[in-house]
Asker: 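Submitted below is the structure of interest, expressed as structure tokens.
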Amino acid sequence: TFWEREKKSGYKTKLPEPSKKQMIMDGLRDLKEEMKLWRQEVKEQFESDPILVFRPGETDVVFDFKAPDVLDKWTVTTDADHGEGKSTATLELSAAGAGLFHGQVNSDHTKDGIIKRTGYANIRTKRVRKSFKRETTYDWTQYNMLVMKVRGDGRSYLINLHTEGYFDLMWNDIYHYVLYTRGGPHWQIAKIPFSKFFLSSKGRVQDRQGAIPLNRVTHFGFSVAAKKGMDGPFGLEIDYVGLEYDPSHREEFAYEMYQTPKYIVAT
Amino acid sequence: ATDEGNPKQNPNPNPRAQKPGTKNLPALRNPFAAAQDRTKNSYLTMVEIFQERDVHRRNHVEFIYAALKNMADFGVERDLEVYKALINVMPKGKFIPTNMFQAEFMHYPKQQQCIIDLLEQMEDCGVMPDHEMEAMLLNVFGRQGHPLRKYWRMMYWMPKFKNLSPWPLPDPVPDDTLEMAKLALERMCTVDLRSKITVFETSELKDAIDDTWIVSGMSPEQEKLLREHSRQKALYIEGPFHIWLRNRRINYFTLRADADSEFLSELDERQLDEDDVSHIEVPFFGRAPPRRHNQLGKLRSVHQQDDGTIMAICATGTSTKDSLLSWIRLLEANGNPSIGEVPVLFRFTSEVPAKAEEIEGGASVPATSDNSSQDEHISSRQK
């Protein structure tokens, strides 16, 4: 398409809007909290004392499933949301107190001649916001590793780092990498350098690649697909997702940046 | 070659297409659906027949799409040779653009899209193209062709992801369940490199009902933990959990004890904050202050997880209670005598066929069976 009307590319679910009165009341109720947040932000601005030294080997947890009402920060989506498949998924707290993303992926779908393949489930954090619900981004430029404590079921999951941009061309920019899970009853700590992440948009790996802009990460998520006959139950238990600075990892981008021929690339 | 292989020698077209009033639709017959023996040879023969039928090769795009769709039935969807044979159906040199306008506006779009779809199917099946395929595509579409772009992208990315998994598996995975169970156990036991995988036969035991195999994974460290396990605290056989190996799912069970909370909290205490300067102990007449904690104490094993200590993992051929009981007795007989003195409880997350009723009474193992549902199971874990 030449341009996109809205960020969901036609997949926007029309939810009924609350009444004007309700909206004013909700706004006033949130105002107190938002002012508190804003005051904090202004204070931090004046203090101008950011953390500059990131000690190697120390993991800073960003998404912790031990925190209270953590599940509200995540959105679960499957192909069934828009009637394009039959997968189901939920995110809930497991017996071990971690987040458990589980369900069934199913590659069956109605043969309507438009959908070719289906069968996925996905979780994603909500858009990061600062005070007064203004959109902002994470700033992870000081780190170079993604650290996760997970317990999977032998499937491979896709780690998605959304770096949503301003223009419609950049709305679907997602950096991916694979999370291989060992399976079994033991927890596993996966440490993935950010340099390994590659850019794709709407599920297509892009020709013009580049290292992930870590100051522009907007969402974080996991996907699982029913590809190659892997229909059936899945379960990924996530204890935390953190960041780490590893001084021994000097790689900026893991993929070659060839000079590419004109009129071939990105067409 | 069989008669079914030839699509255009069908004398009686579809009768519905000949109904009065309807437009006379062309009689199309899918030669792949009608084939008798579904092998790679018959598949390639059909492609050959189509190629040699006439010089024009009419409907070759439709033919390729039909061929792609029926690949799985013939078991050739992972065969590079077959994909090459299909690309070979395309005429050479005819679709190469001769000027920049043709190149820009996707010369012969249907044909190009068809080959792009073919390449995508290869990608989905994990078939990596080779350089001969590049030469073929160049002959058909020229350097500006979109299938070539797809090909180059595939050749850039696919080798990068092909061997990425830290737990490599054969492709395709074996059909035999025992082999799969061994692979699954090996994979789960990579957490402790000293783990040993043992294959037991239940026929080794006198009064086992099920005659099946048990693949058990246990390391010397787990044996030590089991020896040191309190005789009063129960062990749990939990499951069935599953592990995926490519597209195969294997059920497994674990032998687990509740987490040793005393030991774990002790560990937390021992982790002193070296930057904490609020409690500097003063030396007393030149003597070093006594250490508060035993710094040379026991180390935490990898099997001592926060939510339990994993003693062993197994997969059995039948996944029944009886086979699990046999597993415990085999473990007891094979170097873990202490397991006989510890109460062992079943705790299943889903229905497990019970065959163990007769054996429980006379069994030397004090194994009790309770058909707890998942809810009970979770609540008991959250105590």
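As the structure is a computational prediction, the values presented were derived from the model and not from experiment. Each chain gets a letter, A, B and so on, in the order its sequence line appears, and its residues count up from 1.
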Asker: Where is the tightest heavy-atom contact between B/I313 and A/P185, given as atom of each residue plus distance?
Answerer: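 Closest approach of B/I313 to A/P185: CD1-CD, 3.8 Å.
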
Asker: Which answer fits B/C125, side chain, backbone, both or neither, if we ask what part of it has an atom under 4.5 Å from a heavy atom of chain A?
Answerer: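 When you check distances to chain A, only backbone atoms of B/C125 fall under 4.5 Å.
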
Asker: Would you mind telling me which of B/H303, B/R153, B/H242 has the largest number of heavy-atom pairs within less than 4.5 Å of chain A?
Answerer: B/R153

Asker: Sort out for me which of B/H146, B/E104, B/M188, B/R143 touches chain A most, counting heavy-atom pairs under 4.5 Å.
Answerer: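 The answer is B/M188.
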
Asker: Identify which part of A/T181 has an atom lying under 4.5 Å from any heavy atom of chain B, answering side chain, backbone, both or neither.
Answerer: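 Just the backbone, heavy atoms under 4.5 Å.
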
Asker: Considering only heavy atoms and a distance below 4.5 Å, find which of B/Y252, B/W167, B/W152 pairs most often with chain A.
Answerer: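 Highest number of pairs under 4.5 Å: B/W167.
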
Asker: Which answer fits A/Y258, side chain, backbone, both or neither, if we ask what part of it has an atom under 4.5 Å from a heavy atom of chain B?
Answerer: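 It is the side chain, since no backbone atom gets that close.
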
Asker: Could you label the plane-to-plane angle of the A/F198 and B/F161 rings as parallel, tilted or perpendicular, counting under 30° as parallel and over 60° as perpendicular?
Answerer: tilted

Asker: Between A/G229, A/S156, A/P233, which residue shows the highest count of heavy-atom pairs closer than 4.5 Å to chain B?
Answerer: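 It is A/P233.
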
Asker: Does NZ belonging to A/K66 count more than 12 external heavy atoms closer than 6.0 Å?
Answerer: yes

Asker: Does a salt bridge link A/D153 with B/R249, judged by any charged N lying under 4.0 Å from a carboxylate O?
Answerer: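 No.
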
Asker: For a quick test of reading the model, state the closest non-hydrogen atom pair linking A/G183 to B/I243 and the distance between them.
Answerer: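 Looking at all heavy atoms of both residues, the closest pair is CA-CD1, 4.0 Å.
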
Asker: Considering only NZ, NE, NH1 and NH2 on the basic side and carboxylate oxygens on the acidic side, decide whether B/D171 and A/K228 come within less than 4.0 Å.
Answerer: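 Result for this pair is no, no salt bridge flagged.
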
Asker: Quick one: what part of B/I250 sits under 4.5 Å from any heavy atom of chain A, side chain, backbone, both or neither?
Answerer: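 Neither part.
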
Asker: Using a cut-off of 6.0 Å, state whether more than 12 heavy atoms not belonging to B/K196 lie near its atom NZ.
Answerer: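 Incorrect, the count does not exceed 12.
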
Asker: Check each atom of A/E256 against the heavy atoms of chain B and say whether the ones under 4.5 Å are side chain, backbone, both or neither.
Answerer: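 Both parts, heavy atoms under 4.5 Å.
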
Asker: Kindly check if the number of other-residue, nucleotide or ligand heavy atoms within 6.0 Å of CD (A/E4) is above 12?
Answerer: yes

Asker: For A/K116, is there an ion pair with B/D124 - N to carboxylate O distance below 4.0 angstrom?
Answerer: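 Judged by the 4.0 Å cut-off on N to carboxylate O distance, B/D124 and A/K116 do not form a salt bridge.
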
Asker: Is A/Q209 close to chain B through its backbone or its side chain, or both, or neither, when contacts mean heavy atoms under 4.5 Å?
Answerer: side chain

Asker: Below 4.0 angstrom, N of the basic side chain to O of the carboxylate: do B/E123 and A/R117 qualify?
Answerer: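 Looking at A/R117 together with B/E123, the answer is no, because their closest N to O distance does not fall below 4.0 Å.
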
Asker: Could you tell me whether the side chain of A/R182 and the main chain of B/R187 form a donor-acceptor pair under 3.5 Å?
Answerer: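 The answer is no, because no donor-acceptor pair under 3.5 Å joins these two groups.
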
Asker: So for atom CG, which belongs to B/L164, do other residues, nucleotides or ligands contribute more than 12 heavy atoms lying within a distance under 6.0 Å?
Answerer: yes

Asker: Would B/D307 and A/R151 count as a side chain to side chain contact (heavy atoms under 4.5 Å, CB included) if you check the C-alpha gap in whole Å, the side-chain angles of each, and the deciding distance to 0.1 Å?
Answerer: CA-CA 12 Å; B/D307 52 345; A/R151 180 157 63 179; 2.8 Å; yes

Asker: Would you mind reporting whether B/V191 and A/Q188 have side-chain heavy atoms less than 4.5 Å apart?
Answerer: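 Counting from C-beta outward, A/Q188 and B/V191 never come under 4.5 Å.
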
Asker: Could you report the tightest heavy-atom contact between B/W244 and A/D231, atom names first, then the distance?
Answerer: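 Looks like CH2-O, 3.1 Å.
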
Asker: Heavy-atom count around B/D175 CG within 6.0 Å, excluding the residue itself: above 12?
Answerer: no

Asker: Given the rule in the side chain to side chain contact (heavy atoms under 4.5 Å, CB included) test, do A/W187 and B/D306 qualify, once you have shown the distances and angles that lead to the verdict?
Answerer: CA-CA 9 Å; A/W187 287 93; B/D306 287 332; 5.6 Å; no

Asker: Side chain, backbone, both or neither: which part of B/S165 has an atom under 4.5 Å from a heavy atom of chain A?
Answerer: both

